[in-house]
Amino acid sequence: MTAPPGAPWSVGLTGGIGSGKSTVARMLADLGASIIDADQAARDLTSPGGRALPAIAQSFGPEFIDASGAMDRQRMRQLAFSQPEARQRLEAIIHPLVAQATEEQAQAARAAGKPLLVFDIPLLVESRHWPRKLDAVVVVDCPEETQIVRVMARNALERGAIEGIIASQASRQARRAAADAILYNDGLSLESLRNQVRALAARFGL
Ligand code: ADP
C-alpha cells in the first residue's frame with residue numbers, strides 16, 4: 001500500500017457475492033468518497049447508446065442488439081456460456097472500454113477535489129489490469145455460508161446457484177492474499193461495520 005503523492009488515494013474495493021461489498025461502498029460514499037463502479041460502467045456500455053454497441057454489432061452481428069438498442073443480454077449470455085471463445089471476444093471489447101470509462105470518472109472526481117476514490121470492482125483479484133492502477137486493495141470478507149444465507153435472502157436464488165457463482169469467483173484465500181486491508185463482515189451489526197469502515201477510511205485521508 002503506497003500513499004499517493006498529493007493526489008487522492010485510489011482504493012480498490014472487492015469481495016465475493018454477498019460479502020457486503022455494496023454495503024461498504026455505500027458507507028464510504030456517505031463519508032465523502034467517490035465510488036467508481038466497474039460493473040455499472042460495463043452495464044452502461046451495453047445499454048442503449050452505449051459505447052460498446054458498435055463493436056458488438058460488428059463482431060457478433062446485429063442480432064445481438066435488441067429492439068431498444070441495447071445488447072441482447074440473454075442471447076449474449078447463452079452464447080458466452082456455450083462458447084468460451086465468444087466470451088473472450090466480448091471481454092476484449094468491454095474491458096478496455098470499462099478502463100476508459102472508469103478513468104474518465106476518476107479524472108472528474110479528482111477535478112472535483114474528492115479526497116478518496118473507491119473503485120468498486122467485483123473481479124479485482126481475477127483482473128490483470130486493476131491492481132496496477134490502485135494504491136491499496138480493501139477486501140470485504142466473510143465465510144461462504146454467510147455469503148449464501150445473505151444472497152438467498154436478497155435475491156431469492158437457490159443455494160446451488162449461489163454456490164456455483166461463488167465457485168466461479170476467486171477463492172476467499174486468493175482475495176485475502178491480495179488485500180492491503182480486510183473488513184471482516186460476519187456476526188457484526190451494520191453499525192459496527194460502519195465504525196470499522198470509518199476507521200479504515202481515516203487511513204485513506206477521509
Ligand atoms: P455484495 O455487494 O457483496 O454482494 P451486499 O452489500 O449487497 O453484498 O450485502 C448482501 C446483503 O447482506 C444485503 O442485503 C446487506 O444488507 C446484508 N448485509 C451485509 N452486511 C451485513 C451486516 N453486517 N449485517 C446485516 N446485514 C448485512
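One-based numbering, in listed order, for ligands and for the atoms of each.
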Just distance, no hydrogens or angles: give the donor-acceptor pairs under 3.5 Å from side chains in residues 88-96, sequence neighbours left out.
| unit_1 | atom_1 | unit_2 | atom_2 | d |
| --- | --- | --- | --- | --- |
| Arg89 | NE | Glu85 | OE2 | 2.7 |
| Arg89 | NH1 | Ser59 | O | 2.9 |
| Arg89 | NH1 | Ser59 | OG | 2.9 |
| Glu91 | OE2 | Arg87 | NE | 3.4 |

inquiry  = For Gln173, is the CD atom crowded, meaning more than 12 foreign heavy atoms sit under 6.0 Å from it?
reply    = no

key: Protein residues having a heavy atom less than 4.0 Å from any atom of ligand 1   = Gly16, Ile17, Gly18, Ser19, Gly20, Lys21, Ser22, Thr23, Arg150, Arg154, Asn185, Leu188, Leu190

ask   = Are the side chain of Asp135 and the backbone of Val11 linked by a donor-acceptor contact shorter than 3.5 Å?
value = no

message = Between Ser189 (side chain only) and Ser192 (backbone N and O only), is there a donor and an acceptor less than 3.5 Å apart?
response = yes

request  = Taking Asp66 for its side chain and Ser68 for its backbone only, find out whether a donor-acceptor pair lies under 3.5 Å.
outcome  = yes

message = Check whether Thr14 reaches the backbone of Pro122 with its side chain - one donor and one acceptor, N or O, closer than 3.5 Å.
response = yes

